[in-house]
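Because only heavy atoms are used, hydrogens play no part in the values below, and waters and symmetry mates are left out as well, while side chains stay in. Residue numbers run from 1 in the order of the sequence given.
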Amino acid sequence: MTEGRLQRLRAILAQEGVPALLVGSPYNRRYLTGFWGTAGYVLITADRQLLLVDFRYVEQAKEQAPAFEVRRFDRFGETLKQVLAELNLREVGFEKAHVTYQQLEALQAAAEGVAWKPVGPVVERLRAVKEPEELARIQEACRLADAAFERILQVLRPGITEREVALELEFFMRRQGADGVSFDPIVAAGPRGALPHARPTDAVLQAGQLVVLDFGCIVDGYCSDITRTVVIGKADGRAREIYELVLRAQEAALQAVKAGADQVAVDQAARAVIEAAGYGDQFGHGLGHGVGLEVHEDPPRLNRTAPSQPLEAGMVHSVEPGVYLPGWGGVRIEDLVQVTEDGCRILTQSSKELLEIG
Ligand code: ZN
Ligand code: ZN
């Protein structure tokens with residue numbers, strides 16, 4: 001896998017006139033090398049690939065990144081200086097989204113006469129289109145999330161707290177083999193559902209309340225992400241109306257997803273449905289985000305403010321419209337999809353009927 005990724009990266013770097021790239025951001029480092037350690041730097045040139053790690057990670061790096069020359073450093077700046085001299089590099093790209101001003105100063109101080117060139121999200125662009133092995137892991141993470149939703153339907157009842165529900169979601173997914181959660185589960189009951197990123201509290205679920213459940217897990221490094229909104233007891237007319245609206249918006253967006261479709265247009269497909277019903281202002285976030293090693297990846301970014309950009313086959317992203325009414329609550333419905341040439345494959349399979357619990 002690593003070989004193909006390096007080849008594609010080198011083609012991009014050649015196109016952009018960057019003779020070498022230094023990568024220190026954790027997910028990009030892991031994607032390029034296969035090395036899972038929490039620290040280290042990758043240096044990619046036209047014909048060499050090095051992984052610089054400290055004492056703690058030398059053996060792990062050799063094992064997990066066999067395609068790389070592993071170098072140990074004690075003082076990173078000194079080792080970097082040696083390596084750049086050895087490779088005769090006068091110009092090196094750095095990831096401008098991930099390097100702080102202070103780190104750039106350190107790079108500049110380490111190697112005099114080397115020009116540091118800011119480089120955009122080149123590795124992120126590679127990561128956006130998933131390989132079959134990556135898709136299989138994401139699919140498995142989705143399967144566990146679906147199983148967790150089924151499980152949680154047995155747990156939900158009046159009297160249980162948001163925190164207990166969140167804990168059960170996490171416990172179930174880990175017990176079923178997930179490495180962990182892809183983010184702390186969101187369980188937001190009643191009026192708290194109006195907060196798109198609510199944290200679970202000791203609030204007790206009550207009959208008649210809508211509950212927004214947004215969660216996912218990590219399998220072999222890859223994330224899932226799903227949201228369902230259910231009702232405790234009977235749904236009233238308004239809950240039904242808002243739910244049906246959000247579901248129609250989600251379906252409109254799912255219809256619009258395919259390779260070549262503009263990411264902004266897919267957001268608009270859902271937004272138009274919600275705006276036409278008069279709730280445009282209550283859908284204040286984007287329609288979706290890329291998912292992979294990280295639960296929020298960009299590209300793709302399906303959002304009003306995103307640049308116009310076509311979706312590509314093999315991208316995996318969320319489709320998650322919502323309507324949030326302060327003081328009342330909220331509804332969000334989220335699936336993870338894989339973009340295909342003529343549409344999309346929906347990776348999360350949990351029911352989207354409005355479920356009335358108990
Ligand atoms: Zn989510
Ligand atoms: Zn999401």
Quiz prompt | Thr161-Asp202 side chain donor-acceptor pair, cut-off 3.5 Å | solution = no
Self-check item: Lys/Arg N to Asp/Glu carboxylate O, Arg127 vs Glu294, below 4.0 Å
Solution: yes
Quiz item: Is it the case that more than 12 heavy atoms not belonging to Glu133 sit under 6.0 Å from its CD atom?
Solution: yes
Self-check item: Validation row, ring centre Phe35 to ring centre Tyr57 under 6.0 Å
Solution: yes
Exercise. Establish, from distance only, whether the side-chain atoms of Arg10 and Gln49 form a donor-acceptor pair under 3.5 Å.
Key: yes
Quiz prompt | Donor on one side chain, acceptor on other, His289 and Glu320, under 3.5 Å | solution = yes
Quiz item: Salt bridge or not for Lys117 and Glu16, using N-O below 4.0 Å?
Solution: no
Quiz item: Do the two ring centres, one from Phe183 and one from His296, sit under 6.0 Å apart?
Solution: no
Quiz item: In terms of side-chain geometry, is the basic nitrogen of Asp335 or Arg345 positioned less than 4.0 Å from the acidic oxygen of its partner?
Solution: no
Quiz item: Would you call Arg71 and Gln82 a side-chain contact if the rule is heavy atoms closer than 4.5 Å?
Solution: no
Quiz item: Can you pull the salt bridge (Lys or Arg N to Asp or Glu O under 4.0 Å) pairs that have at least one residue in residues 271-281, sequence neighbours excluded?
Solution: Asp267-Arg271
Exercise. Could you grab the distance from atom CD of Glu59 to atom NZ of Lys62, nearest 0.5 Å is fine?
Key: 5.0 Å
Quiz item: Are Arg248 and Glu251 within salt-bridge range, i.e. N to O under 4.0 Å?
Solution: no
